[in-house]
Protein chains: 2
Amino acid sequence: MHHIQKKIGSELNPNVSVDCVIFGFDLEQLTVLLIDRGEIPSGSGPRMALPGNLIYDNENLDQAANRVLAELTGLENIYLEQVGAFGDPDRIHKESDREWLKSIRAEPEARVITVAYFSLVQMAHYKPQASSFAKNADWIPVNEIKELAFDHFEILQAAKEKLKQKIKIQPIGFNLLPEKFTLSQLHRLYESILDKPLDKRNFRRKIQKLDILSSLREKQKGVPHKPSLLYEFNEEKYQELTQTGFDNFGF
Amino acid sequence: MHHIQKKIGSELNPNVSVDCVIFGFDLEQLTVLLIDRGEIPSGSGPRMALPGNLIYDNENLDQAANRVLAELTGLENIYLEQVGAFGDPDRIHKESDREWLKSIRAEPEARVITVAYFSLVQMAHYKPQASSFAKNADWIPVNEIKELAFDHFEILQAAKEKLKQKIKIQPIGFNLLPEKFTLSQLHRLYESILDKPLDKRNFRRKIQKLDILSSLREKQKGVPHKPSLLYEFNEEKYQELTQTGFDNFGF
DNA sequence: AGAGCTTTGTGTCAATTTTACACTATGCCA
DNA sequence: TGGCATAGTGTAAAATTGACACAAAGCTCT
């Protein structure tokens, strides 16, 4: 991202990049923040790609991922987790990709391995930054994504799977919801991530039994139907729960 | 590993290495194959390290991990799974580490990120290769490992955790056992990996209900107690099981 | 004001799974 | 033959899961 000033005394490492799968939830379905690389000169490859960049030699991988995220979204201190490293020697092959890579200061001929992360953000908090990328960034429902540039589709699949496994073990889903949310929204979220229907009553029962939600004395307003009670995630109660060795939400 | 001939047309990538956490099971506890780097000139750091090496520019990460594994153990086609990428810019700091790195052709000053894998091998299959490393390689019980060179201890922890999670979802433990094994051995294995006691009768019931073992009409011999029946893992039955969408062993 | 629409919120019962727990059987060894 | 060590087995109570249907609340439209 050429608008970012190069840090003094640091160099881009030509061999290692990070890519971020930034998940959001529009209260209906799971979405991912993708970048439209625009019309590509000679290429016919997919236009959409995950945000990412080369790392600097003086930052660690987590820092690099946080940086990429912040440059694009302006968000800091958000949930971020490594998915893994990807990198076939021939992962870059299209002429169009080379052009693109030059634009982010990568050397098109270099063999690059990329470390993928996924992050969970509240879509409402997202404010596109004035970077060259953010202009072309957009939330796309995961289920509508059929292909991506480079090996990004493969990375997306791995990120979805990791998220799926992780949410069975930790209640990280709250990072995707507003502070105040309804049980129905939480229900939809779990269905989206686990990619299967969950019985409404059984879901509610299970969640309530965990006792990690605070019920607010507050209702939805302005909805054209019976308004729902609002809830908040209760970090303290969750900490108590984990201290008992609990690590299985049973989904 | 300087005894390995450099592949024609390939170069070592100075920025990316792989490290392998090679798990074994001595029928009592979980062990890891570590390399003793020997007396270190000026250093006081830990002598033991995970096997690993830089990657070649013409191999992918999985291939590199398989290569490291084969160079050390002579084993091929064994269970291997990525743990993740590690790499603080300052992960190498000791003078002694620099000497060591030179010996594996790494550039001591370069910033290296490493991609960690874990693999599961039958200890009985392990035959040390005639490499400079294998002479000093040895199986160490995981619970006795208190420190390792570089950031390898952190990697080991991550590998243990990954193995723990994975075995709750897939019956990969069989890779650590001989073809024929007893239920008690399997029981001990699960206890070692999950790091908690499991009730004997409940464990046996659960495993048997899965119906992925073939009972052999054969008993242990030469043991100074009642001999146990021997079992084999039944790959076909496991495939049937997974085709029902099964992905939770309930541990 | 009332009818209709949409989503919320709730309980029970049967089936399954989990947990806790102790004694007999078998083969080796001394 | 007695002692030792581990294998192998069953049950009952408690907890969890899965399937399932209808009344309540607020909005909208007429």
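Residue numbering restarts at 1 for every chain, and letters A, B, ... go by the order of the sequence lines. Note: hydrogens, waters and symmetry copies are ignored here, and every other heavy atom, side chains too, is used. Quick caveat: nothing in here was measured; it's all calculated off a predicted structure.
For A:Ile22 against A:Pro51, the heavy-atom pair with the smallest separation is CD1-CG, 3.9 Å.
Scanning for salt bridge (Lys or Arg N to Asp or Glu O under 4.0 Å) contacts around B:Arg188 gives B:Glu191, with sequence neighbours left out. Listed by chain and residue number, nothing satisfies the side chain to side chain contact (heavy atoms under 4.5 Å, CB included) test with A:Asn143 (two or more places apart in sequence, or in another chain). Under the rule for a ring pair (Phe, Tyr, Trp, His ring centres under 6.0 Å), B:Tyr231 has no partner lying at least two apart in sequence or in another chain. Scored by the side chain to side chain donor-acceptor pair (under 3.5 Å) test, A:Asn248 finds no partners at all (sequence neighbours excluded). Residues passing the ring pair (Phe, Tyr, Trp, His ring centres under 6.0 Å) test with A:Phe153: none are found, sequence neighbours excluded. For B:Lys166, the salt bridge (Lys or Arg N to Asp or Glu O under 4.0 Å) criterion is met by B:Glu81, not counting sequence neighbours. Residues meeting the side chain to side chain donor-acceptor pair (under 3.5 Å) test with A:Thr242, sequence neighbours left out: none. Among residues two or more places apart in sequence or in another chain, the salt bridge (Lys or Arg N to Asp or Glu O under 4.0 Å) test is passed with B:Glu218 by B:Lys180.
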Atom pairs and distances, donor-acceptor, side-chain atoms in residues 157-165 of chain B, under 3.5 Å, two or more places apart:
residue  : atom : partner  : partner atom : Å
B:Glu161 : OE2  : B:Gln165 : NE2          : 2.9

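Reading DNA chain D from its 5' end, the first and the last nucleotide to sit under 4.0 Å from a heavy atom of chain A are D:dT16 to D:dC27.
Near DNA chain C, defined here as any heavy-atom distance below 4.0 Å, the residues from residues 184-197 of chain A are A:Ser184, listed numerically.
A:Leu229 has its CG atom 18 Å from the P atom of C:dT7, to the nearest Å.
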- When every nucleotide of nucleotides 17-30 of chain C is labelled 5' to 3' by its protein contacts under 4.0 Å (heavy atoms), B for base, S for sugar-phosphate only, - for none, what sequence of letters results? -BBBBB--BBBS--
